[in-house]
Amino acid sequence: MKKIFFLLIIMLLVISCAYENQNDLFNEISCDTLDVQFERDILPIFAYNCQSCHGGPSPSVYLSLETYDQIIERIDAPGISGILNRIERNEGDILLMPQGYKLQNCEINKIKSWINQGYLNN
């Protein structure tokens, strides 16, 4: 009986130590910020996180972020109107964009790297 109880405890410990993915296990995320391309890296971030409000026929605050030209026009605009300013705010800040959550650090770092590389349309 003690052996069965011991095995059950061991099984519970093993099961409770399961990870959903390798990032949880190793706490590593691959984030390439050296070779950032607009079409491959930047546009998908905006498409997934911004275009539900800032896209389509009636974009929020008349700000559409669907094309290269629309994004670079506002990416580092001065003050609170700049996209970079809005995505770097802390969670809980009412001016944080997208509303309700903060972009992943990797996404922010890719956007910053793209800016530093000269806003290439590639």
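These numbers come from the heavy atoms of this one structure, side chains and all, not from hydrogens, waters or symmetry mates.
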J.: To the nearest 0.5 angstrom, please state how far the CD1 atom of Ile115 sits from the CD1 atom of Ile75.
T.: 4.5 Å
J.: Within this structure, what is the CG-CG distance for the pair Asn116 and Asp76, rounded to the nearest 0.5 Å?
T.: 10.0 Å
J.: Rounded to the nearest 0.5 Å, what separation is found between the CG atom of Leu103 and the SG atom of Cys50?
T.: 6.5 Å
J.: For a 4.5 angstrom cut-off between non-hydrogen side-chain atoms, does Glu107 reach Asn49?
T.: yes
J.: Return the minimal non-hydrogen interatomic distance between Ser30 and Cys106, and the atom names on each side.
T.: O-SG, 4.4 Å
J.: Got Ser113 and Leu34 here, is their nearest side-chain heavy-atom distance under 4.5 Å?
T.: no
J.: What is the minimum heavy-atom distance between Gln117 and Val36, and which atoms define it?
T.: OE1-O, 3.6 Å
J.: Would you call Asp35-Arg40 a salt bridge at under 4.0 Å N-O?
T.: yes
J.: If you take all heavy atoms of Lys102 and Glu88, which pair is closest and at what distance?
T.: NZ-O, 3.1 Å
J.: Distance from Lys110 atom NZ to Ile45 atom CD1, nearest 0.5 Å?
T.: 6.0 Å
J.: Using only atom types and a distance under 3.5 Å, with no angle test, would you say the side chain of His54 pairs donor to acceptor with the backbone of Ser60?
T.: yes
J.: Any ring-ring contact (aromatic ring centres under 6.0 Å, His included) involving residues 91-114? Give me the pairs, sequence neighbours left out, ordered by first then second residue.
T.: Phe38-Trp114, Trp114-Tyr119
J.: Is it true that Leu84 and Tyr48 fall in one hydrophobic cluster, defined by side-chain heavy atoms closer than 4.5 Å?
T.: no
J.: Specify the closest pair of heavy atoms between Ala77 and Ser81, including all atoms of both residues, with the distance to one decimal.
T.: CB-OG, 3.7 Å
J.: Given 3.5 Å as the limit, does a donor-acceptor pair link the side chain of Glu66 with the main chain of Gln51, or not?
T.: no
J.: Locate the shortest heavy-atom distance separating Arg89 from Leu96; write the atom from each residue and the value.
T.: O-CD1, 3.4 Å
J.: Using a 4.5 Å cut-off between side-chain heavy atoms of Ile, Leu, Val, Met, Phe, Trp and Tyr, which other residues end up in the same hydrophobic cluster as Ile94?
T.: Ile80, Leu95
J.: Is there side-chain contact between Thr33 and Lys112, with at least one heavy-atom pair below 4.5 Å?
T.: no
J.: Do other residues, nucleotides or ligands put more than 12 heavy atoms under 6.0 Å from Glu73 CD?
T.: no
J.: Please tell me if the side chains of Met97 and Ile83 come closer than 4.5 Å, counting only heavy atoms from C-beta onward.
T.: no
J.: Any side-chain heavy atom of Ile111 within less than 4.5 Å of one from Ile42?
T.: yes
J.: Rounded to the nearest 0.5 Å, what separates atom CD1 in Ile72 from atom CG in Leu120?
T.: 10.5 Å
J.: Indicate the atoms forming the closest heavy-atom contact of Ser64 with Gly55, along with that distance.
T.: OG-CA, 4.2 Å
